[in-house]
Amino acid sequence: PSPSLPSPLVMDTTLSEYAASLAEFYVFDPRLGRSEGKEHEAVLYYYPHSLPLSVKTRNVGLSQAFVNFAAQFSPNQPLSAAHTRKHRAAYFNPEGEYWLVLVVRLPYSVVESKDEEGNVVQDNVYDGTKVTDGGLTTMIKQVYAMFKLFNASFSSVVSKYSIEVLRSKLEFFLTPYITSIDFGSLDMFHSLAGIHYLPIDKNVYLRIQCFVNALEDAFPVVGASVFLFDDHLVYSGLGPDDMRILYKYLLDNLAVGGANVDLSKTPRNHPMPSLKPKAGTRRVLPDGFLTGPASLTDPDSPINAPHVFVGDDEEKFLLIYHAHGAVLLLLLDVTDPVALTSVDLSAALEREIKPQMDTLVSSILGFAADTRGASSSSADSDSAYAYFNSMNLALKSSLASADALSPSLRSMIWAIGSDLSLHREGITEVDIKADPEGWVTGRKSDSRELYVVFDAKKANLIEVSQEIARISKSTFSNVFIE
């Protein structure tokens, strides 16, 4: 008899794929709810709201147990992450005994296959490589920092008001904020959370600094100032942590070149003042104050000057002035709220600001025109790079967006960044041959990190090293020390 042919290989079939998504987010204080029957009082905030109170209490209790268990092995480094087959969790203890917990559902595929008996079965296959601990840690810290920027720290709210007011503020702020985050698109660039600085001539920078100093001298109520141009930071009178979260807020809500804005119509009880345009509208920022009085000629004009908290919970009024792509942020000391919210003060500030801003923007544009030709010669390259300095939070990239890279390349860069951060002393460089897309390299030197994607499929390590040396010399000069 003829030999039987082997049965054809049956491959698993992917029916559908799902991106990473928010599963839970909660805030708790273990000092509360210690009496039997009152354990639920430790829960200050919980999302999703639809879960039964017993489930919320149980999950918070489980997190407390994780924190206490981990502290026995690492008393000086609190618990920061936990892994399960379906989820990744980030833990953050920002102040006192308060804890924030972020739980993200891993991306997964619904796969159809056959078991040993030939029956068709479906299973969810989870991918833990696309969600990193570093990315979630950055995100949970960012959520807290954004809350603190507009509400003050947890302890300040409780000492000034009460624990119930804190619960209300958390509910009001966190729900719209965390549900707006696309956890499926997080990548290395989100994890770095850096600031784009504008490279300008030192003489132009000194003119901007002199302008800011003169303005603060003329108006002592101005406690700090920030100057940006084309979404790039030029000058800041704030500390790095405050500037990082304020910069994040501005980029999310105030992209220059951006929006039709009418802040007078922003609800006064909105958790964060929004400068975003409606979907489909053309993005053009008007010149003048974007926060403050709606009109400088009407003494009864409604005032929209949001409160922010910087430094050690110092409360400030935030005025934002825009002119020809430049943005000036003025943080006013809360000494006389009536005077600060008057039309007269804003009108006096504009008389001082407007002519100076026009001149400074012309100087910046002139410098940019002079340097555009020199930079264009290095633009033609098979490589893309991203540079980050954790000391001053400077971020520089040849990519307009991380979306320009494929998902696999973004995952590789994220994995390389995790390896470099976890092995601070032992690893300073990681190279990956990313077939069929070329090479991905990460280098770390002290506080500086450089990531390069080299689109040369047949290149070897020597050629990759030469390309990185070329980028370092032409773009960073002596900034990145190998």
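Heavy-atom basis, side chains included; hydrogens, waters and symmetry copies ignored. This one's a predicted model, so the numbers in the text were calculated from it and none came from an experiment.
- Annotation for Lys56: atom NZ counts as buried by contact number, over 12 foreign heavy atoms lying within 6.0 Å.
- More than 12 heavy-atom neighbours from other residues, nucleotides or ligands sit within 6.0 angstrom of CD on Gln122.
- Residue Lys148 qualifies as enclosed at atom NZ: its count of foreign heavy atoms under 6.0 Å is above 12.
- Ring to ring, Tyr197 and His232 are not that close: their centroids are 6.0 angstrom or more apart.
- Under the 3.5 Å distance criterion, the side-chain polar atoms of Arg34 are left unmatched by any main-chain donor or acceptor of Glu39.
- When the options Val234, Leu250, Leu198 are evaluated for a side-chain contact (heavy atoms from CB on, under 4.5 Å) with Leu228, the one that passes is Leu250.
- Using a 30° and 60° split on the angle between ring planes, Tyr235 and Tyr205 fall in the tilted class, from 30° to 60°.
- With respect to Tyr126, the side-chain contact (heavy atoms from CB on, under 4.5 Å) criterion is satisfied by exactly one of Thr84, Leu106, Val131: Leu106.
- Looking only at atom types and distance, the side chain of Glu17 has no donor-acceptor partner in the side chain of Tyr108 under 3.5 Å away.
- Remark: the Ser156 side chain and the Ser153 side chain contain an N/O donor-acceptor pair separated by less than 3.5 Å.
- The aromatic rings of Phe28 and Tyr26 lie tilted to each other, with the angle between the two planes from 30° to 60°.
- Ion pair Glu97/Arg31 not flagged as a salt bridge, since none of the NZ, NE, NH1 or NH2 atoms sits closer than 4.0 Å to an Asp/Glu carboxylate oxygen.
- Atom CG of Asp312 has 12 or fewer neighbouring heavy atoms from other residues, nucleotides or ligands inside a 6.0 Å radius.
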